[in-house]
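One structure below.
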There are 2 protein chains.
Amino acid sequence: MNFQLRKQHLLTILDEHGSVEVADLARQLQTTPITIRRDLAQLAAKGLVVRTHGGAVLPRVAKDPVAFARKATAHLAQKEHICRLAAAQITDGDTLFIDCGSTTFPLCRLIRHRKLRVVTNSLPVLFELAGSAVQVVVAGGEVDAERQAMHGLVAAEQLRRYQVDKAFLGVDGLSLGRGLSANSEHEASISLAAAAAARHVYLLCDSSKLEQDKYFQFAPLSLVGTLVTDPGAPAALLAQYRKAGLQVLA
Amino acid sequence: MNFQLRKQHLLTILDEHGSVEVADLARQLQTTPITIRRDLAQLAAKGLVVRTHGGAVLPRVAKDPVAFARKATAHLAQKEHICRLAAAQITDGDTLFIDCGSTTFPLCRLIRHRKLRVVTNSLPVLFELAGSAVQVVVAGGEVDAERQAMHGLVAAEQLRRYQVDKAFLGVDGLSLGRGLSANSEHEASISLAAAAAARHVYLLCDSSKLEQDKYFQFAPLSLVGTLVTDPGAPAALLAQYRKAGLQVLA
DNA sequence: ACAGAAATGAACACAAACGAACAAGTATCC
DNA sequence: GGATACTTGTTCGTTTGTGTTCATTTCTGT
């Protein structure tokens, strides 16, 4: 097998699957990973593929929603901390709801390998978990291109039909006085539907959003079972949330 | 074997395979590698081949390996032809259903830029059209990881709620005697639901699938409005399909 | 947060392929 | 018949592609 044929084959596979892995290719093409990596490096130099750690993807796919969700989100360290706390609450066999948004997204990485069922309306979550050990269920309906999620009536309606053990919700603002608030009514209706379907509601909310009210208030604090936030939150404030009846993790 | 004949033979092989190896040619043509290399050098000087280490490739392969790699996938040329015909049937403003499967997928590339609404249960379709000019609507439900699509009860039920102008369906088998057949009941139920919701049903089916029955027969030919296939289909056979009441494009 | 695993790239080694130069064989022309 | 042009094969030093080792980076799981 010469290198031209190999690259040809490589591009074929890539075109069929959208992504390839170095180890797989090395096995299929009867060669070593280093050779595949060199091939990919050449193709990448020409812009025909985009390298990833462990493989490559089509250039089009590289701009995908997952990358979009991953890149340069504000407060990433806090969000990862929050998601680790959240992941610790999950038991194998659980059915979860994962909300769309940058706060909840890092949770996907932490649960890829576990035996779970995840209901979601978020495209990045869907793409991140598709092909993993997790069984994914999608809330259908119209795709909101800006938010990379399904936000319509149908999505909310469908969510109500599922019974989930734990819902992990994001929110735009949260305050003791006015409860949960959002920048969009659509997001709010999805959150409400998911909360209604869940045995326990976890609100994932970094400390910068505490005591912030956004334009649309849609639920009282009592909707939430557990507030998951980061150590940046003042202890006194968290104590007040606890007094209001919430379990608090930080 | 003289010089001219050798070069001719060489170009023939190159045309068939897209690439050649010096060592192989030397063996086949009962000569030594240096001779082949000199031949290739001459052809390369004229631009008829592109030299590589150990062999040569067609110029068009060297120029656009991606396009060439695509052609290598099964029946892809036919599928692209079919999708071009299908795309010509689409009017701006239409709402479409696009089925999952390799036959219908190339349609996405052809409509990315158009003002359309597309309902689908296919993840690759969703992926390809997310972020394009097309408004995407997803049939929700459980994700079938192997088929990269939603195939459950919920998906079928949701599809019935949408009214679409044109449904573009794929199928595993099709015959005059036994109608449409599939390899999976789930796929069949999605196809039926989409067909029921559509004003007009286009069946995209390359000629290799004509008069092939698969294990699960799920609908009569009358479900289909228009059969879109490729020129590889025998004219006499297409005439019979026309007689059976289908519009046929090839 | 931390430790272990996997992937990566650089440096080196080896084999295959390469081109240049030269030698040998064949056809053509005077 | 001998000179010439042309093609083919051989030798040898060089280049190119591939595989191995190892330190480093990146990812993943507890």
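Labels below follow one simple rule: chain letters A, B, ... track the order of the sequence lines, proteins then strands, and each chain is numbered from 1. FYI, side chains are in, hydrogens and waters are out, and symmetry mates aren't considered; it's all heavy atoms of this structure.
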Practice item. Taking ring pair (Phe, Tyr, Trp, His ring centres under 6.0 Å) as the test, write out the residues that go with B:His53, two or more places apart. Key: none
Exercise for review: Using the ring pair (Phe, Tyr, Trp, His ring centres under 6.0 Å) rule, collect all pairs that involve residues 182-204 of chain A, keeping only residues at least two apart or in two chains.
Suggested key: A:Phe168-A:Tyr202, A:His200-A:Tyr202
Review point. If you fit an axis to the five pairs at each end of the helix from C:dA1-D:dT30 to C:dC30-D:dG1, how big is the angle between those two axes, to 10 degrees?
Key: 30°
Review point. With A:Arg38, which residues qualify under salt bridge (Lys or Arg N to Asp or Glu O under 4.0 Å), at least two apart?
Key: none
Practice item. Please work out which residues in residues 31-40 of chain A have a non-hydrogen atom less than 4.0 Å from an atom of DNA chain D and list them by number. Key: A:Thr31, A:Thr32, A:Ile34, A:Thr35, A:Arg38
**Study point:** A:Glu80: salt bridge (Lys or Arg N to Asp or Glu O under 4.0 Å) partners, not counting sequence neighbours
**Key:** A:Arg109
Practice item. Please list, in 5' to 3' order, the outermost nucleotides of DNA chain C lying under 4.0 Å from any heavy atom of chain B. Key: C:dA17 to C:dG19
Review point. So what does A:Arg114 touch, heavy atoms closer than 4.0 Å: a base, only the sugar-phosphate, or nothing?
Key: nothing
Exercise for review: Taking side-chain hydrogen bond (donor to acceptor under 3.5 Å, both in side chains) as the test, write out the residues that go with A:Arg199, two or more places apart.
Suggested key: A:Asp165
**Study point:** Contacts of A:Ser122 that satisfy side-chain hydrogen bond (donor to acceptor under 3.5 Å, both in side chains) - sequence neighbours left out
**Key:** none
**Study point:** Nearest heavy atoms of A:Cys205 and A:Leu227, plus distance in Å
**Key:** CB-CD1, 4.0 Å
Review point. What salt bridge (Lys or Arg N to Asp or Glu O under 4.0 Å) pairs are there with at least one residue in residues 241-250 of chain A, not counting sequence neighbours?
Key: none
Check your understanding: Will you find, in the side chains of A:Lys115 and A:Gln135, an N or O donor that is under 3.5 Å from an N or O acceptor?
Key -> no
Review point. Backbone N or O of A:Glu187 within a donor-acceptor pair of the A:Ser191 side chain at under 3.5 Å?
Key: yes
Nucleotide N/O to protein N/O under 3.5 Å, stretch nucleotides 26-30 of chain D:
none

**Study point:** salt bridge (Lys or Arg N to Asp or Glu O under 4.0 Å) partners of residues 83-106 of chain A, not counting sequence neighbours, each pair once
**Key:** A:Asp92-A:Arg114, A:Asp94-A:Lys166
